[in-house]
Engineer: 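Here it is: the structure, laid out below.
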Amino acid sequence: MSVVGFDVGFQSCYVAVARAGGIETVANEYSDRCTPSFVSFGPRNRSIGAAAKSQVVTNCKNTVQGFKRFHGRAFSDPYVQAAKSSLVFDLAQMPTGTTGIKVMYMEEEKVFSIEQVTAMLLTKLKETAEAALKKPVADCVISVPSFFTDAERRSVMDAAQIAGLNCLRLMNDTTAVALAYGIYKQDLPAPEEKPRTVVFVDVGHAGYQVSVCAFNKGKLKVRLFLHILSMVLVLNRHSMLIFKAGLEKNISENSCDVITMRRKEDIYAVEIMGGASRTPAIKDRISKFFGKELSTTLNADEAVARGCALQCAILSPAFKVREFSITEVVPYPIALKWTSAADEGVSDCEVFPKNHAAPFSKVLTFYRREPFSLEAYYNNPKELPYSDPTIGQFTIQKVVPQPSGESSKVKVKVRVNVHGVFSVSSASLVEVVKSAEGEEPMEMDTPVKEDENKMQVDQEVQKAQGDDQKEHADKKSDTEDMETSTEDNKQEEKKNEQPPQAKKAKVKTKTVDLPIENSLNWQLAGEALNLFVENEGKMIMQDKLEKERNDAKNYVEEYVYEMRDKLHGVLENFVSEADRDSFSLKLEDTENWLYEEGEDQQKQVYIDKLVELKKLGEPIQNRYTEAEERPKALDELGRQIQQYTKVVEAYKAKDELYDHLDELEMMKVDKQMNEAMTWMNNKMNLQSKQSLSQDPVVKAQEIQAKTKELYSACNHIVTKPKPKVEPPKEETAAEQNGPVNGQEGSEAQTGNPEKGQAAPETTEAKLPEMDIN
């Protein structure tokens with residue numbers, strides 16, 4: 001199972017993987033751990049990463065970069081319209097109203113969505129990870145800026161799905177850095193002690209983020225985002241003033257933030273990362289603002305990717321990682337509004353305030369007779385990076401009144417999930433059912449006005465909340481009322497005024513799940529998403545075919561240059577002058593063809609051209625190879641013949657080492673040896689008369705086969721071992737143990753039984769020890 005973290009930046013990307021040795025940032029095919037966030041479109045294929053960046057000048061209109069800032073934005077967005085003038089490539093409106101990129105691809109004008117272009121980049125990063133891990137990659141964690149809204153986060157999730165990735169979590173950049181910082185710390189305070197506060201400042205190419213995190217042993221809690229702003233930092237004479245003013249303005253908006261930041265003793269360290277963090281002027285400004293020396297213990301470029309890989313390892317069952325809980329915060333306040341059934345007005349309520357813990361779930365209770373809709377939106381549009389505060393609309397369907405005609409109790413669970421995305425996760429209707437006689441029905445308390453539409457914190461979903469956050473949620477639950485109908489309230493008041501006897505009526509309830517229809521802002525439809533997945537697969541296949549075509553062309557070009565140099569070098573003596581001139585002319589014609597007619601041919605054409613050239617070049621190459629290998633093979637054959645000659649001579653000299661060998665078999669060895677020697681001498685004489693430019697009389701393979709044949713026929717004969725002679729050791733031992741002079745015999749007889757008895761006793765003494773072990 002793959003464990004991968006992707007840091008998809010504005011200008012560059014990093015890939016980190018988890019291995020047995022820990023977290024490692026892997027390199028791409030250029031041996032560079034940094035992959036540029038560029039995608040280039042050509043007449044036959046796409047180029048992604050470093051290959052695309054090299055085409056910024058030659059193919060500028062079709063090479064896109066910096067597209068990360070257009071996620072989840074409408075084409076009519078003022079930010080998009082303002083950015084158009086500074087872009088080399090063209091933007092266009094998608095059928096859904098979102099922003100698209102217009103390029104020329106495969107000789108046709110195409111408009112790709114931001115999700116598609118991001119998926120292309122993720123596909124490249126996925127291939128880099130697969131090349132490093134040597135196995136398919138599916139599960140991953142992807143980083144996003146902390147200021148990304150719901151629409152932007154869903155857009156990144158769709159891009160991951162198009163690329164064939166299963167995104168386990170969208171992780172904020174600064175949170176990923178905080179995880180990479182804290183999980184290896186051994187000196188963090190205990191859970192019951194005061195947490196250690198660390199500020200993380202991320203100054204990237206297109207934006208900067210500041211977050212304050214509290215660390216305890218095995219626990220990370222994001223306190224708040226002090227600064228959330230997406231902008232391109234232009235390093236001019238005003239950039240430092242812009243940075244300082246923006247930072248102070250965002251912090252001063254919340255007095256609590258100011259109090260937190262002004263108490264320097266509460267801040268343990270200020271960690272800085274990001275590509276722009278190396279600028280001395282920026283580092284100096286940040287250091288002066290916080291009043292502390294900046295800490296650079298983390299890799300400024302790779303810390304985000306490493307944190308994402310750690311989070312993926314924590315979520316993966318394939319790795320055992322130290323327990324470390326992470327609590328994020330909601331960057332913007334989220335509210336719900338709905339149409340009130342009583343006064344036909346609109347009611348609203350802030351469900352998740354700013355810096356509320358996440359992931360988190362809350363249960364809202366409504367009293368309704370018919371289906372109703374909830375509209376989610378960001379409560380403070382001024383804080384958003386763009387003007388549209390809408391998140392989406394959620395319609396609760398199949399709501400019916402109770403059999404008595406009263407409003408039904410509908411429980412709606414709202415949630416901010418691990419991706420930081422808001423959703424209405426479930427809805428259920430509490431149906432009152434009359435109990436049959438003889439049953440023991442459940443007793444249901446009569447609802448009162450104070451309990452109507454009350455928000456209840458789902459403690460089972462979020463277990464890692466701090467005490468302060470729980471107190472805050474409880475206060476919100478007690479103070480926020482959502483009145484859906486005045487008529488319902490009057491009915492509840494009448495119920496409360498009934499005598500106590502009425503409350504004794506026993507009923508039982510049944511919970512019925514209700515379908516929810518989601519209408520999310522700028523959400524890709526299922527059909528469009530499937531189409532994008534299919535198109536991405538086709539483009540991947542086209543890229544693969546084009547790569548194979550280019551490889552076939554490069555093989556031809558490589559062979560031309562290689563053989564042209566060798567014909568006047570190492571192969572010069574192995575080809576006749578006429579053949580060399582003819583082959584050189586053929587190579588020159590092929591080279592000219594490659595840059596003229598053969599510039600853009602099919603893969604099979606290049607394969608055929610290479611086969612045609614090898615028909616002329618391989619015989620020359622083979623003659624050179626044979627001239628190199630033949631002497632080695634002849635030496636090996638001669639060594640074997642010499643070895644067997646010595647054995648035959650020693651046998652004939654009645655050497656005791658070989659006197660056990662059979663005479664007929666040794667005659668066979670002598671015959672085989674003489675035949676091999678005659679064959680070798682004959683071939684060597686013929687080869688010596690042959691020119692190097694002619695095909696050899698005998699090849700190295702034939703000589704090796706002759707050597708093997710000689711070895712098989714003779715080796716088992718000459719290496720036959722002598723018959724074993726019974727050694728006299730046992731007889732000597734018997735004589736020593738036997739009676740020598742009567743007295744010695746008696747001693748031996750009395751000694752043997754003692755020895756025979758001692759062995760069992762020793763064995764029995766050891767048995768209990770073995771049992772204990």
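Small disclaimer: the values here were computed from a predicted structure and weren't measured.
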Engineer: With a 4.5 Å heavy-atom cut-off, do Val4 and Lys126 have their side chains touching?
Structural biologist: no

Engineer: Can you tell me if Ser425 and Ser423 form a side-chain donor-acceptor pair at under 3.5 Å?
Structural biologist: no

Engineer: May I have the list of side-chain donor-acceptor pairs in residues 171-178 shorter than 3.5 Å, sequence neighbours left out?
Structural biologist:
residue	atom	partner	partner atom	Å
Asn172	OD1	Arg153	NH1	3.3
Asn172	OD1	Arg153	NH2	2.8
Asn172	ND2	Glu328	OE1	2.9
Asp173	OD1	Ser143	OG	3.3
Asp173	OD2	Gln209	NE2	3.3
Thr174	OG1	Ser211	OG	3.3
Thr175	OG1	Glu328	OE1	2.8
Thr175	OG1	Glu328	OE2	3.3

Engineer: For residues Leu165 and Cys140, report the shortest heavy-atom separation together with the two atoms involved.
Structural biologist: CB-SG, 4.0 Å

Engineer: Kindly confirm or rule out a cation-pi arrangement of Arg69 over Phe10, judged by NZ or CZ under 6.0 Å from the six-membered ring centre and within 45° of its axis?
Structural biologist: no

Engineer: Rounded to the nearest 0.5 Å, what's the gap from OG1 on Thr98 to CZ on Phe70? Could you check?
Structural biologist: 12.5 Å

Engineer: For the backbone of Ile142 and the side chain of Arg169, can you confirm whether one donor and one acceptor N or O come within less than 3.5 Å of each other?
Structural biologist: no

Engineer: Any donor and acceptor pair, going by atom type alone, linking the side chain of Arg306 with main-chain N or O of Val15 inside 3.5 Å?
Structural biologist: no

Engineer: So do Cys34 and Asp32 actually touch side chain to side chain, heavy atoms under 4.5 Å?
Structural biologist: yes

Engineer: So how far is it from Ile272 CD1 to Thr297 OG1, rounded to the nearest 0.5 Å?
Structural biologist: 12.0 Å

Engineer: So do the side chains of Val270 and Val201 get within less than 4.5 Å of each other, counting heavy atoms only?
Structural biologist: yes

Engineer: Using the rule given for side-chain contact (heavy atoms from CB on, under 4.5 Å), can you reason through Val329 versus His356, listing the C-alpha separation, both sets of side-chain angles and the distance that settles it, and then say yes or no?
Structural biologist: CA-CA 5 Å; Val329 296; His356 189 286; over 6 Å; no

Engineer: Nearest 0.5 Å please: distance from the OG atom of Ser325 over to the CD atom of Glu323.
Structural biologist: 9.0 Å

Engineer: Over all heavy atoms of both residues, which pair between Phe319 and Ala18 is shortest? Give the atoms and the distance, please.
Structural biologist: CZ-O, 3.3 Å

Engineer: Under 3.5 Å, side chain of Ser113 to main-chain N/O of Gln116, donor-acceptor pair present?
Structural biologist: yes

Engineer: side-chain contact (heavy atoms from CB on, under 4.5 Å) between Leu220 and Cys213: does it pass, once the steps are laid out?
Structural biologist: CA-CA 7 Å; Leu220 159 63; Cys213 300; 3.7 Å; yes

Engineer: Below 4.5 Å, heavy atoms only, C-beta onward: do Leu336 and Leu364 meet side chain to side chain?
Structural biologist: yes

Engineer: Using modelled atom types and a 3.5 Å cut-off, is there a donor and acceptor pairing between side-chain atoms of Ser54 and backbone atoms of Ala51?
Structural biologist: yes

Engineer: List the atom of Val17, the atom of Ala309, and the distance in Å for their closest heavy-atom pair.
Structural biologist: N-CB, 4.4 Å

Engineer: Provide the closest heavy-atom pair for Ala214 versus Pro195 in the form atom of the first, atom of the second, distance.
Structural biologist: CB-CB, 3.7 Å

Engineer: Do you know the tightest heavy-atom contact between Ala160 and Cys167?
Structural biologist: CB-CB, 4.3 Å

Engineer: Any idea how Phe394 and Phe422 line up, ring-wise: parallel (<30°), tilted (30 to 60°), or perpendicular (>60°)?
Structural biologist: perpendicular

Engineer: Provide the closest heavy-atom pair for Leu188 versus Gly182 in the form atom of the first, atom of the second, distance.
Structural biologist: CD1-O, 3.6 Å

Engineer: Let me confirm one number: the CG-CG distance from Leu168 to Asp139, rounded to the nearest 0.5 Å.
Structural biologist: 4.5 Å

Engineer: Is it true that a side-chain atom of Glu152 and a backbone atom of Thr149 form a donor plus acceptor pair closer than 3.5 Å?
Structural biologist: yes

Engineer: So if I apply the side-chain hydrogen bond (donor to acceptor under 3.5 Å, both in side chains) rule between Ser155 and each of Gln523, Arg73, Glu115, which one comes out positive?
Structural biologist: Glu115

Engineer: Applying the side-chain hydrogen bond (donor to acceptor under 3.5 Å, both in side chains) test to Ser47, which of Lys124, Lys53, Gln55 qualifies?
Structural biologist: Gln55

Engineer: A side-chain contact here means heavy atoms from C-beta on lying under 4.5 Å apart; do Leu374 and Val412 qualify?
Structural biologist: yes

Engineer: Say whether, by atom type as modelled, one donor and one acceptor occur between the side chain of Ser12 and the main chain of Pro36 under 3.5 angstrom.
Structural biologist: no

Engineer: Please assess Thr390 against Asn521 for the test side-chain hydrogen bond (donor to acceptor under 3.5 Å, both in side chains), listing each intermediate value before the final yes or no.
Structural biologist: CA-CA 7 Å; Thr390 306; Asn521 200 28; 5.0 Å; no

Engineer: Looking at Tyr377, I'd like to know if the NZ or CZ of Lys337 sits under 6.0 Å from its six-membered ring centre while staying within 45 degrees of the ring's axis.
Structural biologist: yes

Engineer: With side-chain contact (heavy atoms from CB on, under 4.5 Å) as the test, would you mind laying out the steps for Asn355 and Val222 before giving the verdict?
Structural biologist: CA-CA 9 Å; Asn355 293 326; Val222 181; over 6 Å; no

Engineer: With the side chain counted from C-beta on, respond yes when Val156 and Phe148 share a heavy-atom pair under 4.5 Å apart, and no when they do not.
Structural biologist: yes

Engineer: Decide if the gap between the ring center of Phe67 and the ring center of Phe89 is smaller than 6.0 angstrom.
Structural biologist: no

Engineer: Which of these, Tyr268, Phe290, Tyr181, Tyr208, sits in a ring pair (Phe, Tyr, Trp, His ring centres under 6.0 Å) with Phe200?
Structural biologist: Tyr181

Engineer: Run the side-chain contact (heavy atoms from CB on, under 4.5 Å) test on Val212 and Thr197 for me, step by step, so that the C-alpha distance in whole Å, both residues' side-chain angles and the decisive distance to 0.1 Å come before the verdict.
Structural biologist: CA-CA 7 Å; Val212 178; Thr197 302; 3.4 Å; yes

Engineer: Considering only residues two or more places apart or on different chains, which pairs with a residue in residues 270-284 satisfy salt bridge (Lys or Arg N to Asp or Glu O under 4.0 Å)?
Structural biologist: Arg278-Asp301, Asp284-Lys288

Engineer: Test your reading of the model: is there a side-chain donor-acceptor pair from Asn216 to the backbone of Ala190, 3.5 Å cut-off?
Structural biologist: yes

Engineer: So which of Val421, Asp150, Ile334 actually passes side chain to side chain contact (heavy atoms under 4.5 Å, CB included) with Val416?
Structural biologist: Ile334

Engineer: Quick one: are Ile101 and Ile114 in side-chain contact, heavy atoms under 4.5 Å?
Structural biologist: yes

Engineer: When you check the gap from the basic side-chain N to the acidic O, do Asp158 and Arg154 get nearer than 4.0 Å?
Structural biologist: no

Engineer: Could you walk me through whether Tyr332 and Phe352 pass the ring-ring contact (aromatic ring centres under 6.0 Å, His included) test, one step at a time?
Structural biologist: CA-CA 8 Å; Tyr332 310 109; Phe352 294 102; over 10 Å; no

Engineer: I'd like to know if the side chain of His419 and the backbone of Leu170 have a donor-acceptor N/O pair within less than 3.5 Å.
Structural biologist: yes

Engineer: Indicate yes or no for a side-chain donor-acceptor contact from Thr327 to the backbone of Ala357 under 3.5 Å, with no hydrogens or angles considered.
Structural biologist: no

Engineer: Quick one: CD on Gln81 to OG1 on Thr99, what's the gap to the nearest 0.5 Å?
Structural biologist: 8.0 Å

Engineer: Parallel under 30°, tilted from 30 to 60°, perpendicular over 60°: which one fits the rings of Phe324 and Phe215?
Structural biologist: tilted

Engineer: Determine whether Val8 and Leu125 make a side-chain contact, defined as any pair of heavy atoms from C-beta on separated by less than 4.5 Å.
Structural biologist: yes

Engineer: Do side-chain atoms of Lys362 reach the backbone of Val351 as a donor and acceptor pair under 3.5 angstrom?
Structural biologist: yes

Engineer: Mind checking the CZ-SG spacing from Arg33 to Cys13? Nearest 0.5 Å is all I need.
Structural biologist: 15.5 Å

Engineer: Quick check: are there more than 12 heavy atoms from other residues, nucleotides or ligands sitting under 6.0 Å from CD of Glu192?
Structural biologist: yes

